[in-house]
Amino acid sequence: MSEISKAYEPQAVEEKWYSRWLADGCFTPDPASAKPAYSIVIPPPNVTGMLTLGHVLNNTIQDVLARRARMLGHEVLWLPGTDHAGIATQTVVERKLRKEEHKTRRDLGREAFLERVWEWKEKHGGIIIQQLKKLGCTCDWSRERFTMDADYSREVQAVFVDLYKKGLIYRGKRMVNWCPVSLTALSDEEVIMKAQNGWLYHMRYELADRPGEFLEIATTRPETLMGDTAIAVHPADERYKHLVGSHVWRPFPRARIPIVGDEHIDPTFGTGVLKVTPAHDKADFEIGQRHHLEILDVLHPDGTMNELAGPEFAGMDRFAARKAAVEKLREMGLLVKEEPYQNNVGYSERADVPIEPRLSEQWFLKYPKVAESLEAVKSGAVAFRPERWAHVYDHWMQNIQDWCISRQLWWGHRIPVWYRKDNPDCVHVDTAPPADPENWTQEEDVLDTWFSSWLWPFATMDDATRGKFYPTTDLVTGPDIIFFWVARMIMAGYEFTGQKPFANVFFTGLIRDMSGRKMSKSLGNSPDPLDLIAKYGADGIRFGLLRIAPQGQDIRFDEKQIEEGRNFANKLWNAARFRQMHGPSAPEVQLEGLKLSSYSLDILAKLQELVVKLDAAYGEYRFNEAAQLMYDFFWSEYCDGYVEAAKSEIFSEDPAAKDSALAVMDFVLSHMLRLLQPFMPHLAAELWTTLGFTAPDHGCEHLMYVAWPQSATLLAGLERERLTTASQRVAAVYESVRLARNLRAEVRIPSNKKVRLFLKPQPEWAEEESATFARLVNAETVTLEANYEPARGEPRVLTPLGELYLPLEGLVDASAEQERIQKEIAKVEAELATVGKKLSNENFVQNAPAAVVAEHRKRETDWKEKLSQLQKMMHSLGG
RNA sequence: GCGCGGUUAGCUCAGUGGUAGAGCGCCUGCUUCACACGCAGGAAGUCGCAGGUUCAAACCCUGCACCGCGCACCA
């Protein structure tokens with residue numbers, strides 16, 4: 001046992017314990033264990049990533065689940081790792097290359113560039129892993145995985161080949177979402193629709209067969225008109241249907257283009273005439289297919305105009321070209337009007353620029369096991385929490401589209417396809433290159449990062465691990481990646497393992513700033529969790545964040561909340577310190593045979609109730625409730641209530657009473673530390689050791705492996721029949737204390753000043769509690785006197801212990817006291833009226849549950865009793 | 001357009017049919033022998049609006065308003 005400092009200083013304690021756990025291999029499970037398995041795979045953060053508050057929330061929840069599972073006797077695997085994050089990582093390294101060497105990746109060439117990326121990854125990647133250790137995460141670091149590990153890559157390629165052979169992967173020239181900055185195709189999920197304030201331009205195209213007559217067309221993208229290869233109207237539109245089959249002049253480059261009739265056109269929008277640019281719009285492309293229109297691509301991949309747009313536009317950026325095209329139309333007298341218009345534009349998720357619909361050769365996947373995956377969530381085989389996310393999943397799965405899986409990047413899993421040099425139509429699709437590689441060229445593209453992440457729950461495990469821990473138990477993630485990751489993992493699980501990948505998915509909320517904005521680097525509104533850890537301790541931030549993280553609801557972050565977590569840690573620290581000051585603790589307390597005070601019985605009953613409620617909260621993944629329950633129990637019930645009351649035993653002359661109270665403190669503290677361990681692991685471990693607690697049969701010296709308290713057997717050996725009466729008595733004393741303190745405050749006696757009180761005792765046991773009562777109200781003496789005669793105007797209050805008097809030797813005049821009691825009477829009368837009204841309602845008395853009615857009747861009796869006593873007190877004051 | 005959340009004390013949020021809760025902030029008093037990262041007391045809410053169901057509604061139903069999000073979109 002060592003001396004404990006006055007305030008908890010988390011830094012040294014946290015570092016000490018984390019390294020001790022690591023040294024003792026506490027996080028590494030044994031696949032051969034006979035214990036039931038519990039497993040989680042971490043949502044792999046980007047290898048470029050830095051810890052955000054989102055990660056803190058997410059990983060703390062996982063850690064809480066893992067730690068509690070260990071205490072419940074499970075063999076626990078929490079498997080960590082990082083994601084290669086194709087675009088993000090490649091961008092970081094390219095930027096560095098440009099800045100430091102003024103080179104592009106093409107200057108280096110593919111192989112040399114990839115070497116650089118690996119170098120970067122070894123040197124700077126995975127910082128976030130170190131940061132997770134600071135948080136106290138109990139991941140099995142010996143199993144850390146990376147989505148580009150050799151064996152993981154083999155698995156990705158095998159999956160590609162398998163799906164290709166099943167006919168689910170195909171190559172095709174399709175309209176895809178093209179990012180002009182990253183220069184790659186993207187999946188539909190990587191496109192974010194944003195509302196844009198732009199313009200709707202009305203322009204007119206001259207009819208080729210009727211010079212001088214024009215068709216008016218509305219568009220938001222005049223810069224693509226050079227790629228127009230037709231004009232479309234609705235075939236039934238009375239205004240235009242006679243024109244179908246004739247031609248108009250595209251103004252520049254000047255060309256005759258046909259007018260086609262197509263059902264897709266909405267006659268009510270704009271002028272009811274659409275310019276058709278098959279190369280630059282998905283709907284236009286489809287119209288083009290239907291009418292066999294020419295496809296005229298006027299853009300370079302980087303979003304600048306190409307030669308087909310005409311010499312004056314070639315090389316111009318698409319947005320500059322928009323202005324230029326409008327000007328040119330104006331000069332030609334073809335611009336009718338411009339009106340402000342709001343529409344939605346798709347943005348690239350990573351580069352945050354508008355994407356271009358672009359026709360290109362890409363690889364696509366027809367998703368496997370869609371029906372089975374839909375059913376899994378519907379039936380609850382994979383349980384979503386909160387449940388409402390199941391609808392979002394359902395909707396997406398019902399409308400699922402083929403997935404564009406190829407990316408025009410270098411960093412990633414290269415597609416295992418080779419084309420014969422002398423005949424590109426001859427392909428070799430296999431995890432191994434062809435035997436005569438010199439005659440083949442490998443596909444240049446890599447796979448979408450998510451095409452590797454979707455295998456994460458099983459591709460990260462070796463056979464022995466998979467045998468024990470797959471399918472995993474819980475997945476904890478944000479609802480923002482429900483399509484990117486969760487849905488795809490479920491499908492991959494069924495397709496490649498024949499099983500669901502996890503039993504439960506818990507969706508956390510998003511953390512927002514105080515004005516409700518999403519935390520982001522660019523807004524600079526995201527505090528660095530490491531700063532917060534340094535300031536408040538990992539346990540403080542864990543507890544503070546979880547206490548305010550409701551089920552699946554977004555969270556407004558306020559540093560105050562973390563401060564509360566730190567304060568709670570300090571409270572625990574000092575409560576332990578207080579216990580330690582009164583001698584050594586018993587390593588294992590047995591309640592049996594102890595002579596217990598009412599206060600002890602009461603706090604033990606509340607402890608048991610806490611365990612019951614905590615188990616229920618965990619059962620529903622209500623972590624905020626669990627945190628709040630522990631906070632309230634420990635701070636209010638234990639510290640403010642029990643410890644203060646027990647001081648009269650601890651400081652008493654009776655050694656038996658003192659020992660009994662200390663034993664109860666040990667019992668409560670040791671159980672509290674067990675319950676707290678998942679949330680505040682470092683502090684709990686530290687206090688557990690400092691106080692010298694142990695537990696039987698846990699086979700390990702670490703608190704994290706001590707058994708979770710069992711509510712059913714917690715109070716075994718206790719005089720159960722005394723519990724109820726003890727709790728009632730304690731409640732009466734505490735209520736009396738509150739009223740007495742209130743009285744002191746009302747007559748403005750400073751809280752540190754001792755007073756002499758007189759009590760006309762009510763219950764026959766009042767005397768037994770008078771010493772404790774006196775201590776709690778800071779009274780020098782409490783004199784019990786059935787026939788006490790108060791002075792005129794003496795402050796008094798009616799308590800469950802009896803009428804209480806606070807002599808002030810005439811400092812308060814009778815009228816002031818009368819006024820105070822009159823106010824109390826008014827309050828009681830109001831309460832009585834409320835209850836009376838309810839009880840006089842026959843419908844209530846007949847229909848409400850008997851217990852509710854009885855409760856009301858009792859309330860009425862109590863208030864009546866109180867009223868009559870107050871009136872008597874009023875009378876004795878001469879009122 | 002369809003769908004999903006939210007709207008409770010000054011602030012951040014709990015509270016799924018039976019007398020409105022917490023923390024912070026605020027006011028008052030306390031360096032009382034664990035803790036000022038603390039102790040004690042207090043003020044403060046027509047539970048978004050309007051209907052309905054019920055003996056009883058913050059809670060269930062209907063409609064509306066506002067805030068946020070997702071999906072799909074008409075150029």
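Naming: A, B, ... by sequence-line order, numbering from 1 per chain. These numbers were taken from a predicted model, which means no experiment stands behind them.
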Item checked: With sequence neighbours excluded, residues passing salt bridge (Lys or Arg N to Asp or Glu O under 4.0 Å) with A:Glu620 -> A:Arg622

Checklist line | Check: A:Thr508 and A:Thr477 side chains under 4.5 Å, non-hydrogen atoms | finding: no

Paired nucleotide for [N] [Watson-Crick or G-U wobble; both distances under 3.5 Å]:
N: B:G29; answer: B:C39
N: B:U7; answer: B:A65
N: B:G1; answer: B:C71
N: B:C55; answer: B:G18

May I ask you to verify if any side-chain N or O of [X] is less than 4.0 angstrom from the OP1 or OP2 atom of [N]?
X: A:Asn847; N: B:A56; result: no
X: A:Arg744; N: B:A40; result: no
X: A:Lys6; N: B:C35; result: yes
X: A:Asn742; N: B:G42; result: yes
X: A:Trp635; N: B:C39; result: yes
X: A:Arg622; N: B:G15; result: yes
X: A:Arg738; N: B:G42; result: yes
X: A:Tyr341; N: B:A75; result: yes

Note to self: Would the base of B:A22 count as contacting A:Glu564 through its side chain, where contact means a donor and an acceptor less than 3.5 Å apart?
What the structure shows: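 No such pair is found, so the answer is no.
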
Which nucleotide in the set [options] lies at the smallest distance from any side-chain heavy atom of [X]?
X: A:Asn570; options: B:A34, B:U12, B:C37; answer: B:C37
X: A:Glu831; options: B:U19, B:C30, B:A22; answer: B:U19
X: A:Asn343; options: B:A34, B:A75, B:G41; answer: B:A75
X: A:Ser751; options: B:G29, B:A22, B:C35; answer: B:G29
X: A:Gln561; options: B:A34, B:U12, B:G5; answer: B:U12
X: A:Cys639; options: B:C71, B:A22, B:A34; answer: B:A34
X: A:His264; options: B:A34, B:A56, B:A75; answer: B:A75
X: A:Asn574; options: B:C24, B:A34, B:G18; answer: B:A34

Which part of the nucleic acid, if any, lies within contact of [X], taking any heavy atom under 4.0 Å across all strands shown: a base, the sugar-phosphate backbone alone, or nothing?
X: A:Lys571; result: base
X: A:Gln628; result: sugar-phosphate
X: A:Asn841; result: sugar-phosphate
X: A:Arg566; result: base
X: A:Lys647; result: base
X: A:Pro479; result: nothing
X: A:Lys275; result: nothing

Next item on the list: Would you indicate whether A:Lys858, at its atom NZ, is surrounded by more than 12 heavy atoms from other residues, nucleotides or ligands within a distance under 6.0 Å?
Entry: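 Incorrect, the count does not exceed 12.
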
Checklist line | Heavy-atom donor-acceptor pair, A:Asn574 side chain to A:Lys6 backbone, under 3.5 Å | finding: yes

Going by the angle between their ring planes, with limits at 30° and 60°, are [X] and [Y] parallel, tilted or perpendicular?
X: A:Trp635; Y: A:Phe568; result: parallel
X: A:Phe623; Y: A:Phe506; result: perpendicular
X: A:Phe543; Y: A:Tyr631; result: parallel

